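Computed over heavy atoms, backbone and side chain alike; hydrogens, waters and symmetry mates excluded. Treat the numbers as computed from the prediction; the structure is a model and nothing was measured. Order of listing sets the numbers, starting from 1, for every ligand and every atom in it.
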Amino acid sequence: MKFFVDTADIADIKDLASTGMLDGVTTNPSLIAKSGRNFIEVVSEICTIVEGPVSAEVTALDHATMLKEGHKLAQLAPNIAVKVPLTWDGLKTCKVLSDEGIMVNVTLCFSANQALLAAKAGATFISPFIGRLDDINLDGLELIEEIRTIYDNYGFDTEILAASIRTANHVKDVALIGADVATVPPAVLRGLIAHPLTDKGLEQFLADWQKTGQKIL
Ligand code: E4P
């Protein structure tokens, strides 16, 4: 499963990219607002840090303007994935852009039927928001399972990009289901490594090593 980081924070992106684990980045208008940076500038900078797909979201609601925005964003860098909302205008825009060879991430997916439409529109990625479903007592993981089954039934190559991830368990669960990508907030991504027995074991090994009085270098 690929890891994208869900942020527009340059320091976090650089730090996580240095681990070699980062396969891409997703942004959205809220994350851009949080960064306090100019949208075009910050997205262009992110594209120089990571080689993988960088999602940049259109903000128009009508197809014609969305398409113009999509073309502008796609010209920023070859690794831009234009993010469009799951509306009919968004899907029309997705179809045109994907026919032109531009990567498209269809976002704000909350149902399997929406995901089916996005795949038929040629989406590169579908972004089901699992945390926001869990927030209203629905089952985000069940949605990922349904989409996996539907895409496998028909051989769609749209990648399932599990989004709105809130916990390390979400990451494990979507990996078990077979999501292609998880986009994860920086803190949750860093937390994946945590285990108290790793810390305790390392402490013990170092204490015993010091007793030997040896050095490797
Ligand atoms: C995905 O692309 C979105 O940016 C993101 O995962 C939304 O997550 P949230 O529900 O935590 O805002």
Side-chain angles (χ1 to χ4, degrees), residues 1-10 12-13 16-17 21-37 39 42-43 45-47 49-50 52-59 66 69-70 73-74 76 79-87 90-91 93-94 97-98 102-111 114-115 117-119 121 123-144 147 158-175 177 179-192:
M1 185 171 72
K2 285 176 259 188
F3 282 146
F4 291 179
V5 67
D6 199 26
T7 187
D9 184 295
I10 295 292
D12 275 330
I13 293 167
L16 290 163
M21 298 278 171
L22 201 57
D23 301 297
V25 176
T26 51
T27 68
N28 63 38
S30 305
L31 293 170
I32 296 296
K34 192 174 166 193
S35 77
R37 299 265 317 264
F39 178 35
V42 75
V43 164
E45 189 175 346
I46 294 168
C47 287
I49 301 167
V50 296
V54 174
S55 290
E57 189 160 341
V58 299
T59 52
M66 242 186 230
E69 289 183 352
L73 295 173
L76 297 178
N79 54 334
I80 284 283
V82 176
K83 212 173 181 187
V84 300
L86 223 158
T87 60
L91 293 178
T93 306
C94 173
L97 293 174
S98 58
I102 293 168
M103 288 189 287
V104 183
N105 176 357
V106 179
T107 190
L108 291 168
C109 171
F110 294 96
S111 81
Q114 290 181 324
L117 291 171
T124 316
F125 303 104
I126 181 68
S127 289
F129 278 34
I130 64 176
R132 293 192 194 188
L133 282 170
D134 290 354
D135 288 345
I136 57 164
N137 294 324
L138 293 174
D139 191 342
L141 294 174
E142 187 177 85
L143 174 60
I144 303 288
I147 300 172
T158 298
E159 295 190 36
I160 301 173
L161 195 173
S164 188
I165 281 186
R166 304 276 161 79
T167 65
N169 275 342
H170 270 159
V171 176
K172 178 190 71 176
D173 290 336
V174 300
I177 293 167
D180 301 286
V181 190
T183 189
V184 187
V188 177
L189 199 43
R190 290 194 181 94
L192 295 183

Discussion item. With heavy-atom distances below 4.0 Å as the criterion, list the atoms of ligand 1 near Phe129.
Written reply: 1 (C), 3 (C), 7 (C)
Worksheet item: Which value, rounded to the nearest 0.5 Å, describes the distance between Met21 atom CE and Leu192 atom CG?
Response: 10.0 Å
Response to the item:
The atoms of ligand 1 lying under 4.0 Å from a heavy atom of Ala163, numbered in the order shown, are 1 (C), 6 (O)
Worksheet item: Are Ile130 and Ile165 close enough that some pair of their side-chain heavy atoms sits under 4.5 Å apart?
Response: yes
Discussion item. Any nitrogen or oxygen of Asp6 lying under 3.5 Å from a nitrogen or oxygen in ligand 1? Just yes or no.
Written reply: yes
Worksheet entry | Passing candidate, side-chain hydrogen bond (donor to acceptor under 3.5 Å, both in side chains) with Ser127, options Asn105, Asn28, Thr183 | Asn105
Item to complete: Please name all residues satisfying side chain to side chain donor-acceptor pair (under 3.5 Å) with Asp6, sequence neighbours left out, ordered by chain then number.
Response: Thr26
Worksheet item: Considering distance alone, does some N or O of Asn28 sit under 3.5 Å from an N or O of ligand 1?
Response: yes
Discussion item. For atom 10 (O) of ligand 1, tell me which residue out of Ser164, Ser30, Ser55 has the closest non-hydrogen atom.
Written reply: Ser164
Worksheet, complete the sentence: Taken to the nearest 0.5 Å, the spacing of Arg132 CZ from Leu108 CG works out to 6.5 Å
Item to complete: Please indicate whether any nitrogen or oxygen in Thr27 is less than 3.5 Å from any nitrogen or oxygen in ligand 1.
Response: no
Worksheet item: Does any N/O atom on Lys83 come nearer than 3.5 Å to any N/O atom on ligand 1?
Response: yes
Worksheet item: Going from CD on Gln114 to OG1 on Thr87, what distance comes out if it is rounded to the nearest 0.5 angstrom?
Response: 10.0 Å
Discussion item. Considering non-hydrogen atoms of the protein only, which is the closest contact for atom 12 (O) of ligand 1, and what is the distance?
Written reply: Arg132 NH2, 2.8 Å
